K.L.:
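Sharing a structure below in structure tokens format, with a few things to ask.
These values consider heavy atoms only, across backbone and side chains, with no hydrogens, waters or symmetry-generated copies. Keep in mind that what you see is a predicted model, and the values were worked out from it rather than measured.
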Amino acid sequence: MRPTEIMRGSPPAPEAQVTRANWRSFPAIRWGFTHTREVLPTAEIRRSAQPTSIASAPRELAKLGFTAPDGQATTIEATLRETFADALLVMHRGTLVHEWYGDGMSVTTPHLICSISKAISGTVGGVLAARGLVDPEARVVRYVPELESSVYGTCTVRNLLDMAVAIQFEEDYEDPAGDVARYRFSSGWDLPPAGIEPSHQRAYLMTLRGTGKPHGKMFHYVSTNTEVLGWVYERACGMPYPRILSEYLWQPLGAEEDGSLTLDSHGMGRIAGGISVTARDLLRFGEMMRNRGVVEGRQVVPGWWIDDIRENGDPKAWADGDLAEFFPGARYRSKWFTIDPARNALTAIGIHGQHLYVDLEADTVIVKLATQPKAMDVPVDQRWFAAFRAIVTHLAPR
């Protein structure tokens with residue numbers, strides 16, 4: 001345990017301690033999400049020896065006004081202040097036009113990106129598929145036979161990628177005794193209560209069971225699917241996931257700073273939500289997606305894989321799934337959301353306020369990082385989607 005200030009940018013408060021027991025609770029989260037390596041064991045995601053340059057031409061966006069979904073007039077500046085934001089970066093046509101950091105944040109500060117980590121895993125899947133290392137249509141047990149008796153014994157890698165596994169699991173972040181709590185105990189993110197034996201992630205994954213329904217028919221958002229995907233990648237490549245990310249994605253796209261991935265007690269990464277990176281490197285990743293996988297003339301991710309993300313995703317599976325009431329008409333493919341297909345915009349979303357928004361028609365990439373008190377706050381998410389639309393309309397009016 002370590003004494004530290006909880007609110008970034010505030011005077012030191014020696015009596016305040018951020019520990020594994022409270023690091024994701026408000027207000028400790030304000031420190032925990034930018035100091036994850038001091039709370040949990042992690043592995044490096046190595047940066048590039050030749051970082052991709054970022055051109056900058058600042059434009060005033062803070063005062064930009066828009067109407068929130070509740071009908072209230074607001075601004076980008078007010079929304080940043082009122083939603084516990086930590087960073088907002090906007091790139092338009094390859095040029096950084098807006099860069100804002102909250103207290104304690106800077107261009108070199110790593111920030112936990114939660115389930116944006118999933119979109120990264122879905123993207124690197126395209127690299128591995130193109131190299132013939134992973135077949136998205138193959139059964140999971142082709143790579144990980146240990147999962148034969150679990151729900152994953154009958155599903156495909158594509159089912160993992162598209163969150164279409166018929167699994168008995170409820171992604172309820174608030175239930176202290178639910179599926180997510182047990183999953184977090186196994187990953188080392190939370191300390192199990194007295195009487196609960198500590199486990200590790202792979203042992204836990206092997207215990208998960210199915211609903212008895214066929215896979216591939218319904219969107220059901222479950223983080224453990226992405227952990228299994230990472231296990232598949234490791235078996236296919238013969239190397240640990242942080243090295244896979246470094247060699248196949250992070251270094252080729254020209255990341256300027258090392259990232260990190262949290263590890264469980266047996267060294268398995270939290271592939272679904274454990275990545276920390278700088279806002280600028282996340283922006284580089286989004287810009288690579290906007291450019292159909294190309295970075296400075298290099299094809300980092302196959303263009304056809306990104307086309308597939310943009311064009312596919314089962315609308316019926318989404319309509320029958322978990323989030324249709326909040327985002328009607330959306331799609332999901334290879335760990336990316338298309339919240340509004342009419343806009344042709346890809347979105348990666350993480351709990352507590354993480355967003356990577358790639359608007360292909362408006363040539364705009366937006367990174368927004370935060371430490372919101374609530375894990376899932378749909379009204380705040382919807383307010384930010386309205387903010388993103390206001391920004392892209394301002395930069396690239398139709």
K.L.:
Tell me if the aromatic rings of Phe185 and Tyr204 count as close, with their centers under 6.0 Å from one another.
P.N.:
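They do not qualify: ring centres at least 6.0 Å apart.
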
K.L.:
Short question: side chain of Gln354, backbone of Ile349 - any donor-acceptor pair under 3.5 Å?
P.N.:
no

K.L.:
Compare all side-chain heavy atoms of His111 with those of Thr278 and state whether any distance is below 4.5 angstrom.
P.N.:
no

K.L.:
At their closest point, which heavy atom of Ile275 faces which heavy atom of Leu245, and how far apart are they?
P.N.:
CD1-CD1, 3.7 Å

K.L.:
Checking side chain to side chain contact (heavy atoms under 4.5 Å, CB included) against Leu395, which of Arg93, His92, Met91 comes through?
P.N.:
His92

K.L.:
Roughly how far apart are Ser106 OG and Arg280 CZ, rounded to 0.5 Å?
P.N.:
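Between Ser106 OG and Arg280 CZ, I get 10.0 Å after rounding to 0.5 Å.
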
K.L.:
Would you give the length of the straight line joining atom CZ of Arg270 to atom OG of Ser186, rounded to the nearest 0.5 angstrom?
P.N.:
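It comes to 8.0 Å.
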
K.L.:
Can you confirm whether the side chains of Lys335 and Thr226 place a donor and an acceptor under 3.5 Å from each other?
P.N.:
yes

K.L.:
Working note: Trp23 + Trp31, criterion ring pair (Phe, Tyr, Trp, His ring centres under 6.0 Å); need CA distance, chi angles, decisive distance, verdict.
P.N.:
CA-CA 8 Å; Trp23 71 283; Trp31 190 90; 10.0 Å; no

K.L.:
Looking only at non-hydrogen atoms, find the nearest pair between Arg235 and Pro145 and report the distance.
P.N.:
NH1-CD, 4.0 Å

K.L.:
Consider only side-chain N and O atoms of Ser334 and Arg158, and report whether a donor and an acceptor are under 3.5 Å apart.
P.N.:
yes

K.L.:
Which residues satisfy the ring-ring contact (aromatic ring centres under 6.0 Å, His included) test with His220, sequence neighbours excluded?
P.N.:
none

K.L.:
In terms of side-chain geometry, is the basic nitrogen of Glu257 or Arg46 positioned less than 4.0 Å from the acidic oxygen of its partner?
P.N.:
no

K.L.:
Taking Gln382 for the side chain and Phe326 for the main chain, is one N or O donor matched with an acceptor at less than 3.5 Å?
P.N.:
yes

K.L.:
Does atom CD (Glu137) have a neighbourhood of more than 12 heavy atoms from anything else shown, all under 6.0 Å?
P.N.:
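Atom CD in Glu137 is packed in, count exceeds 12.
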
K.L.:
Mind listing the closest non-hydrogen atom pair of Ala370 and Ala85 along with its distance?
P.N.:
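Scanning both residues, the minimum pair turns out to be CB-CA, 3.9 Å.
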
K.L.:
How far does CZ of Phe26 sit from OG1 of Thr371, to the nearest 0.5 angstrom?
P.N.:
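Reported value, rounded in 0.5 Å steps: 7.0 Å.
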
K.L.:
Any idea which heavy atoms bring Tyr332 and Asp162 closest together, and the distance?
P.N.:
CD2-O, 3.6 Å

K.L.:
Look at the aromatic rings of His200 and His266 and report parallel, tilted or perpendicular, splitting at 30° and 60°.
P.N.:
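Parallel: the ring planes of His200 and His266 meet at under 30°.
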
K.L.:
Classify the angle between the aromatic ring planes of Phe385 and His355 as parallel (below 30°), tilted (30 to 60°) or perpendicular (above 60°).
P.N.:
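The rings of Phe385 and His355 stand perpendicular, inter-plane angle above 60°.
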
K.L.:
So, for Met289 and Leu360, which heavy atoms are closest and what is the spacing to 0.1 Å?
P.N.:
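Heavy atoms only, the tightest pair is O-CD2, 4.2 Å.
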
K.L.:
Go through the structure and list residues passing side-chain contact (heavy atoms from CB on, under 4.5 Å) with Ala319, not counting sequence neighbours.
P.N.:
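Here no residue qualifies.
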
K.L.:
Does the Thr95 side chain pair with the main chain of Val97, one donor and one acceptor, at a distance under 3.5 Å?
P.N.:
no

K.L.:
Where do Glu287 and Arg284 land on the salt bridge (charged side-chain N to carboxylate O under 4.0 Å, His left out) test, with the steps shown first?
P.N.:
CA-CA 5 Å; Glu287 179 67 1; Arg284 287 179 169 95; over 6 Å; no

K.L.:
Are any non-hydrogen side-chain atoms of Asn225 and Phe169 less than 4.5 angstrom apart?
P.N.:
no

K.L.:
Tell me the closest heavy-atom pair linking Met218 and Asp320, and the distance in Å.
P.N.:
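Between these two residues, the closest heavy atoms are SD-O, 3.0 Å.
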
